[in-house]
Amino acid sequence: MLLFLKEDLSMQPSITLNNGVSMPQFGLGVWQAQDGEEVETAVTTAIDAGYRLIDTAAVYGNERGVGRAIARSKVPREELFITTKVWNADQGYDQTLAAFDKSMQRLGLNYLDLYLIHWPVPAKDTYLDSWRALEKLYAEGKVRAIGVSNFLPEHLERVLNEATIVPAVNQIELHPRFAQKNLREFCKSRHIAVESYSPLGGSGGDLLSEPLLQQIGDKYGKSAAQVILRWHIQHGLIVIPKSVTPARIQQNIDIFGFALSDGDMMSIDALNTNSRVGSDPKTANFT
Ligand SMILES: NC(=O)c1ccc[n+]([C@@H]2O[C@H](COP(=O)([O-])OP(=O)(O)OC[C@H]3O[C@@H](n4cnc5c(N)ncnc54)[C@H](OP(=O)(O)O)[C@@H]3O)[C@@H](O)[C@H]2O)c1
């Protein structure tokens, strides 16, 4: 007799970070969600649908709306996992500490789950100072885990060589067309969890209309988006698709009742063309 996996959102997996903190493997990204009603509705819809991880950033300009949705939610604070990021213009030790306080005020939180350095900005050469500020916030218990975003091995090596705490997470662009095999291997060898951003190929991309993903989805009765998100989960990645569309928010979390076969995983792996949709951290110097 065939046994089918029951659709059960309680089966949502978690990742244990290198400091022992448990982080949901799946969550909502809110870049480009407008502050106010749009982001509040998205976060509320997500939490109601079972999301527990929310990914924002100071530069997204929507921390207030995210905070209002959290405050309104009936889910206890300790069951949620909230990430925000220090923006490039606020790099430096004192600047990062001040930026953290402002983010916390906007979010209306008294502790954060994960604080990330948004970009390395090598031309500024201040990410080590920011990292020391994150270490202080962590030591003071204001944040449960600290990490980085858009860091290449050369940036991580400097942090590992000169700092005390190993980043818990590196949040990077990652999707079937930009699979980041080398960076994933590097992070794995240093016990740094990898979090995929633009996991569906980003808002301007055409990954979702890739025929292979639709064909695979038809086999499982799932959409191309659900197939891609399942690919991230089965690769052990943390994944934060963005949507402000309630039906999509609900669809995107409905991925824990099926599993892609090894063959389908390999076919999706073969879509990799090392093509970014976002900026290259080597040269991205925007402030
Ligand atoms: N650290 C960084 O530098 C960085 C950079 C980029 C992103 N991120 C984070 O990663 C999150 C996700 O990345 P992203 O926003 O670039 O792109 P993404 O999640 O790959 O794609 C978002 C786009 O896909 C659409 N979409 C979502 N679910 C869909 C579905 N089921 N079917 C069809 N379309 C769907 C969304 O439209 P609607 O919203 O209109 O539904 C939106 O246009 C961001 O929100 C942010 O939190 C971080």
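Ligands are counted one by one from 1 in listed order, and the atoms in each one are counted from 1 as well.
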If the threshold is 4.0 Å, N to carboxylate O, is there a salt bridge linking [X] and [Y]?
| X | Y | answer |
| --- | --- | --- |
| Lys222 | Asp254 | yes |
| Asp264 | Lys219 | yes |
| Asp90 | Lys85 | no |
| Lys102 | Glu63 | no |
| Glu79 | Lys74 | no |

Please list, chain by chain and in numerical order, all residues satisfying side-chain contact (heavy atoms from CB on, under 4.5 Å) with Arg64, sequence neighbours excluded.
Asp35, Arg68, Arg106

Between [options], flag the one that comes closest to [atom] by a heavy atom.
| atom | options | value |
| --- | --- | --- |
| atom 34 (N) of ligand 1 | Arg248, Gln250, Lys85, Glu195 | Arg248 |
| atom 27 (C) of ligand 1 | Gln251, Lys242, His118 | Lys242 |
| atom 43 (O) of ligand 1 | Ala247, Pro281, Gly278, Ser203 | Ser203 |

Check: [X] N/O within less than 3.5 Å of ligand 1 N/O:
| X | value |
| --- | --- |
| Leu200 | yes |
| Trp31 | yes |
| Gly202 | yes |
| Val30 | yes |

Using a strict 4.0 Å cut-off to heavy atoms of [X], name the atoms of ligand 1 that fall inside it.
| X | value |
| --- | --- |
| Trp119 | 3 (O) |
| Thr245 | 38 (P), 40 (O), 41 (O) |
| Val244 | 38 (P), 39 (O), 41 (O) |
| Asp55 | 9 (C), 46 (C), 47 (O) |
| Gln171 | 1 (N), 2 (C), 4 (C), 8 (N), 9 (C), 48 (C) |
| Pro241 | 19 (O) |
| Ile240 | 9 (C), 10 (O), 11 (C), 12 (C) |
| Gly201 | 20 (O) |

Which residue and atom name correspond to the protein heavy atom nearest [atom], and how close is it?
| atom | result |
| --- | --- |
| atom 7 (C) of ligand 1 | Tyr197 CD1, 3.5 Å |
| atom 46 (C) of ligand 1 | Tyr60 OH, 3.4 Å |
| atom 13 (O) of ligand 1 | Ser198 N, 3.0 Å |

Is the closest side-chain donor-acceptor distance between Ser243 and Asn252 under 3.5 Å?
no

Looking only at non-hydrogen atoms, find the nearest pair between Tyr138 and Arg144 and report the distance.
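Answer, listing the atom of Tyr138 first, then Arg144: CE1-O, 3.1 Å.
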
Passing candidate, side-chain contact (heavy atoms from CB on, under 4.5 Å) with Ile240, options Ile54, Leu53, Leu229, Leu28:
Leu53

Please evaluate residues Glu140 and Lys136 with respect to the criterion salt bridge (charged side-chain N to carboxylate O under 4.0 Å, His left out), reporting the C-alpha separation (whole Å), side-chain torsions for both, the decisive distance (0.1 Å), and the verdict.
CA-CA 6 Å; Glu140 290 173 351; Lys136 176 179 160 68; 2.7 Å; yes

Parallel, tilted or perpendicular, as decided by the 30° and 60° cut-offs, for the rings of His155 and Tyr127
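Tyr127 vs His155 ring planes: perpendicular.
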
Between [X] and ligand 1, which residue portion shows a heavy-atom distance shorter than 4.0 Å: side chain, backbone, both, or neither?
| X | value |
| --- | --- |
| Asn252 | side chain |
| Ser149 | side chain |
| Asn150 | side chain |

Say whether, by atom type as modelled, one donor and one acceptor occur between the side chain of Ser14 and the main chain of Pro24 under 3.5 angstrom.
no

State, with a plain yes or no, whether a side-chain heavy atom of Glu195 is found less than 4.5 Å away from one of Leu237.
no

